[in-house]
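These notes are about the structure you will find just below.
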There are 4 protein chains.
Amino acid sequence: MSPASNHGTAAPAPPARGRPRSEAAERAILDGAMKLLEDGVPLAELSIERIARTAGVGKATIYRRWSGKEELFVDVIRAAEPEDPELPGTGLRDDLVVLLESLRQRGVASRSSALLHNVHAQMKSSPKLWAAYQANVIAPRRRLGLEVLRRGQLNGELRADVDLELANDLFVGPMLVRAVMRPESDLPEGLSEEIVDTVLAGLRPVSPP
Amino acid sequence: MSPASNHGTAAPAPPARGRPRSEAAERAILDGAMKLLEDGVPLAELSIERIARTAGVGKATIYRRWSGKEELFVDVIRAAEPEDPELPGTGLRDDLVVLLESLRQRGVASRSSALLHNVHAQMKSSPKLWAAYQANVIAPRRRLGLEVLRRGQLNGELRADVDLELANDLFVGPMLVRAVMRPESDLPEGLSEEIVDTVLAGLRPVSPP
Amino acid sequence: MSPASNHGTAAPAPPARGRPRSEAAERAILDGAMKLLEDGVPLAELSIERIARTAGVGKATIYRRWSGKEELFVDVIRAAEPEDPELPGTGLRDDLVVLLESLRQRGVASRSSALLHNVHAQMKSSPKLWAAYQANVIAPRRRLGLEVLRRGQLNGELRADVDLELANDLFVGPMLVRAVMRPESDLPEGLSEEIVDTVLAGLRPVSPP
Amino acid sequence: MSPASNHGTAAPAPPARGRPRSEAAERAILDGAMKLLEDGVPLAELSIERIARTAGVGKATIYRRWSGKEELFVDVIRAAEPEDPELPGTGLRDDLVVLLESLRQRGVASRSSALLHNVHAQMKSSPKLWAAYQANVIAPRRRLGLEVLRRGQLNGELRADVDLELANDLFVGPMLVRAVMRPESDLPEGLSEEIVDTVLAGLRPVSPP
DNA sequence: CCTTAATCGAGACGGTACGTCATGTCTTCAG
DNA sequence: CTGAAGACATGACGTACCGTCTCGATTAAGG
C-alpha cells in the first residue's frame, strides 16, 4: 500500500502537528466513490476529478490520503468486502464447507450488487490494484484455508501425503472458476457441500470390477 | 460487431473502389497490440494512440477497421489462440492429463498468459469481448473436457453418480486458479498429473483396515 | 521566442504533413485574450484555461502554438503595438520629433486603452516576457533612433564628440519617464518638440555674464 | 491600508489582550521576502506560501498582518529604501551630479535594483503600491531635484526660459531609463557627470565662427 | 497563581489553474 | 478511396498556491 495511506496499518502515531485530517472528508470520498459505482458508473470512468466533485471535496484532499486511483480503490473494495467467515471448528468437512460457502455468497452477491460487479471486473487491468487486492483480501482467506487443512491433516481427517497448497486449490478452484471466471454459471445452494464431499471422496469408482 | 469491422462476418464484398486496405497495416496493428501486451503493458494503459505509434500507423487507420479498443481486442485474441490439443484416447487419466497440460502450457507461455490475464480482466466489463472469448476459446475446450469425462464414465473409469459439469470444474478449476488468479505461483512440470491423480483418488485417508 | 511559435520568424516551411493548424483557432485565441484584457481582466488573472474557454478552444491548441502564458502574451502585445513611425527624412530635428511623438502617442493611448494599460503594467513581473518585449518592440525602435542620430552626426547636425547611445537616451529618456513611469504626468501636444529643441540647445544660459 | 495592518497608522492601541505579535516573525517575513527578490525570483512567483516557507513562519501569521501580497510589498519597500543624498551646495552642476549618482548607485546595488524593477512592474496594476512608493520615495527626490534647479535658475546657472519640470526629466530620465527599463545596460562610473554635462551643453555642434 | 485570550508553526480544507496526455473526429497531402 | 500524419475540442491527470480553518503549544496581561 502507498505510504500516503495508513489504512489498515497500525501506525505508531507521530506527534500529530497541524490541523488533523477530517474524518468527514474521508467518509465523503469513500461514500462518493461507492455511490458512483452503485449507480453503474464503469470503473474506467471513475476519475479522481469526478469523485472529488461528487464528494464535495478538493482533489488534493484525496491525493493526501491515497497516492492514486488504484490505492483509493483498494480501500473502496475493502469497505465493500464481506467479513472473514467464522469457522465452526467441528471438523475438517464443516470448516471447508463454511469457507466455500463464503466464496459462493460473494459470487452470488457480485451478481446482484453493481458495486462488486464493477470492481471485480476491472481489477485485473491494473497490476498494482490486483496485487493490493491479493495481499489484502485474497491472502488472508488463503491462509485461513491452509490452516484448516493443516489441522485436518493433524487430526487424520486428510491424507498425510498430500501437499496442502494443492489441496487448497482443489477445494477453492472449482468454486472460484464458477464464481469469478464463468459468470453465466449458476451457484446453487448445496454446491459447497457437493464440492467438498466429492473432492474428499475422489472420482474413482468405489468398487473396482 | 461494429459496422466498421467486417472480420468474421462474410460481407458480400462491395464494389471496392479506390485504394484497397493494406493487409500490412492490419497485421502491424494486431502484432503491435500483441507485442505491447506481451511486454507487460497493463490493458488500462493500452491506448489506441500507443498502439498506432507502436505499429507505425495512423489512428484513423485503426478506427476505420475497429470501432474501439474492445473490438480490436476480440481480433487480437482470435489471432493468438493456440490449437486444440490432440487427445491420446488411451484412457480417462491420460486424456485429462493432456487437457490440463495444454492449460498449463498456456499459462507458462508469456504470450498466452498475458492474453489470459487481460481477457479475464476485461471479461465482465465487456460482454462483447467475453462472448467472443467464450465462443472461440472456452466453449470448445469445455466440450472436449466433458466428452472425455462422459467416455470415462461409460468406461467405468469415473464414478457414475457424479455430475460431469462439476467433475470438469474439479479438474480444470485448480489449474485455472493458479494460472490466472495467482500469477505469482509457478506451474511446475508434473502439476497436471498431480491434480488429475489427486482428484481421482480423493483426499480422505485410506481407511486403515 | 519559443520554438513552438514561428510568429514573426520566416520559417523555411517544412513539407507540412498532417492537418494544418487552423488560422481560425489562432485568431480566436488572440482575439479572446485581447477581449478579456479590454474588459479589464488583470493580466495576473488571465489564465490559459480562461482564454481557452473564452476562445472556445482546447488548451492543447494554445500550447501547440505557444509554450506558455508569456510567449502568448508577447504576440498579444505585438498585435496591439502601433506600427513603426515613418520618418520624414527632412533633417535630424524632424526625425527625432516624429520618433518621440510616436512614443507620446503610445503613452496617451495606454491611458485610454485598458489593453495597453494592463499589458504594460504587469509586463516586467516576468523576466521572459520583458525580454521578449525588449527584443521585439523596444530594440527596433532603439535601432531606428540610433540610425537617425548617426545620420545627423554625419550631416553635422549633431556634435561629433557625443556618444550616440547616450544621445539616444537623452531624447528618449524624458519621454519614457513621463509616459511609462509616471502615469499621473500629462503628455501635452508639443512636448516632443519641446524635448528635442531643449536637448539640442542645452540648458546653459546663452550669454555668460 | 488594510484593517489587518496598522503599519504607519498611529492606532490608539486597544487594550491588547492575549499574546502579543512577535516582532521576530515580522522581521523574518520582511527579510524573507526581500531575500527572495534579491535572489532574482520574479514577483509573479513570489507566492505567500513561498515567503512563509522561506521565513519559517505560518501562512496565517502573514495574513494576520497584511491582507495580501500588495500590502506586504508596500512595507518591504519602506524597509529597504536608502537615505536621501546630501547635497554639496557648491553649484548646480555638482548638486545634479550627486542626485544622479544616487540614482546610479541604486541601480547598481542588487537590493535596490530588484526592488526598483519590481515596483515598476507592479506599479500600474496596483494603485495602492504605486501611491505608497510615490509618496515615500519618488516625491522627496523629485522635490529635491526641483529645488536644485530652481536655485540654479536664480543663480543664472540655468536658462531662465526653461520649464523646471521638463529640465528635471531631462536629467533624471536618461538615468532611470537605463537603470529600470534596460537592465542589461551597464551604469559605468562617470555616467552621472556625462549626462549632466551633455544636457547642460546641448547636442548642437558649436557654430563655426 | 491561574485563567483568558490572542499568538505561534503546522498543515488540512475546498478551490482554481497549471502543463501533459489520451480520447475519438476531422482535415490535409501523397499513393 | 486509402495511407500517415497530425490538429481539433474535450476532459482527466497529479502538482502548486490560493486564502481560510483548525489543531496543540506559547506567551503575556488581568483577575
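Quick note on labels: first sequence line is chain A, next is B, and so on, each numbered from 1. Since the structure is predicted, the reported quantities are computational estimates derived from the model, not experimental observations.
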**Study point:** Distance (rounded to the nearest 0.5 Å) between D/Glu26 CD and D/Ile62 CD1
**Key:**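 D/Glu26 atom CD to D/Ile62 atom CD1 measures 11.0 Å (nearest 0.5 Å).
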Review point. Quick one: CH2 on B/Trp66 to OG1 on B/Thr61, what's the gap to the nearest 0.5 Å?
Key: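 Rounded to the nearest 0.5 Å, the CH2-OG1 separation comes to 10.0 Å.
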**Study point:** Position toward the 5' end of DNA chain F (nearest nucleotide), D/Ser47 or A/Ser47
**Key:**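 Going by which nucleotide is closer to the 5' end, it is A/Ser47.
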Practice item. Take C/Gly58 and D/Ile48, find for each the nucleotide of DNA chain F with the closest heavy atom, and name the residue whose nucleotide sits nearer the 5' end. Key: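 Its nucleotide being nearer the 5' end, the pick is C/Gly58.
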Counting only side-chain heavy atoms from C-beta out, which of [options] sits nearest to [X]?
X: A/Tyr63; options: E/dA17, E/dC13, F/dC13; value: F/dC13
X: C/Arg64; options: F/dC8, F/dC23, E/dA12; value: F/dC8
X: B/Val57; options: F/dA4, E/dC18, F/dA12; value: F/dA4
X: C/Pro20; options: E/dT28, E/dA22, E/dG24; value: E/dT28
X: C/Thr61; options: E/dG15, F/dC8, E/dC18; value: F/dC8

**Study point:** Side-chain donor/acceptor of A/Arg21 to backbone N/O of A/Arg64, under 3.5 Å
**Key:**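 Indeed, once roles are kept as given, a pair shorter than 3.5 Å links the two residues.
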Starting from [atom2] on [N], measure out to [atom1] on [X] and report it in whole angstrom.
X: B/Trp66; N: E/dT23; atom1: CH2; atom2: C1'; answer: 18 Å
X: A/Lys69; N: F/dG14; atom1: NZ; atom2: P; answer: 7 Å
X: C/Glu23; N: E/dC26; atom1: CD; atom2: P; answer: 22 Å
X: C/Glu45; N: E/dG15; atom1: CD; atom2: P; answer: 19 Å
X: B/Arg50; N: F/dG6; atom1: CZ; atom2: P; answer: 19 Å
X: C/Ile62; N: E/dA17; atom1: CD1; atom2: P; answer: 13 Å
X: A/Ile51; N: F/dC13; atom1: CD1; atom2: C1'; answer: 13 Å
X: D/Arg65; N: F/dG19; atom1: CZ; atom2: P; answer: 17 Å

Exercise for review: Would you indicate what A/Gly68 reaches in the nucleic acid, counting non-hydrogen atoms under 4.0 angstrom: base, sugar-phosphate, or nothing?
Suggested key: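 The residue A/Gly68 makes no contact with any strand.
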No-H, no-angle donor-acceptor pair, [X] side chain to [N] base, under 3.5 Å:
X: D/Arg17; N: E/dT4; answer: no
X: C/Arg19; N: E/dC26; answer: yes
X: D/Lys59; N: E/dG11; answer: no

Review point. Is the closest basic N to carboxylate O distance between A/Asp31 and A/Lys35 below 4.0 Å?
Key: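 Salt bridge between A/Asp31 and A/Lys35, a charged N being under 4.0 Å from a carboxylate O: no.
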Exercise for review: For C/Glu49 and for A/Gly18, locate the closest nucleotide of DNA chain E by heavy-atom distance; then report the residue assigned to the nucleotide nearer the 5' terminus.
Suggested key: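 It is A/Gly18 whose nearest nucleotide is closer to the 5' end.
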Review point. Which residue, A/Ala60 or D/Ala55, contacts DNA chain E at a nucleotide closer to its 5' end, judged by nearest heavy atom?
Key: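 Result: D/Ala55.
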For residues 47-58 of chain C, run the donor-acceptor check on the side chains, cut-off 3.5 Å, and write out each pair with its distance to 0.1 Å, sequence neighbours left out.
from: C/Ser47; atom 1: OG; to: C/Arg50; atom 2: N; distance (Å): 3.2
from: C/Thr54; atom 1: OG1; to: C/Arg50; atom 2: O; distance (Å): 2.9

Practice item. Taking all non-hydrogen atoms of both residues into account, name the closest pair between C/Phe73 and C/Leu46 and its distance. Key: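 Taking C/Phe73 first and C/Leu46 second, the nearest heavy atoms are CZ-O, 3.8 Å.
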Check your understanding: OP1 or OP2 of F/dT10 sitting under 4.0 Å from any side-chain N/O of C/Arg53?
Key ->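 For F/dT10, OP1/OP2 do not have a side-chain N/O of C/Arg53 under 4.0 Å.
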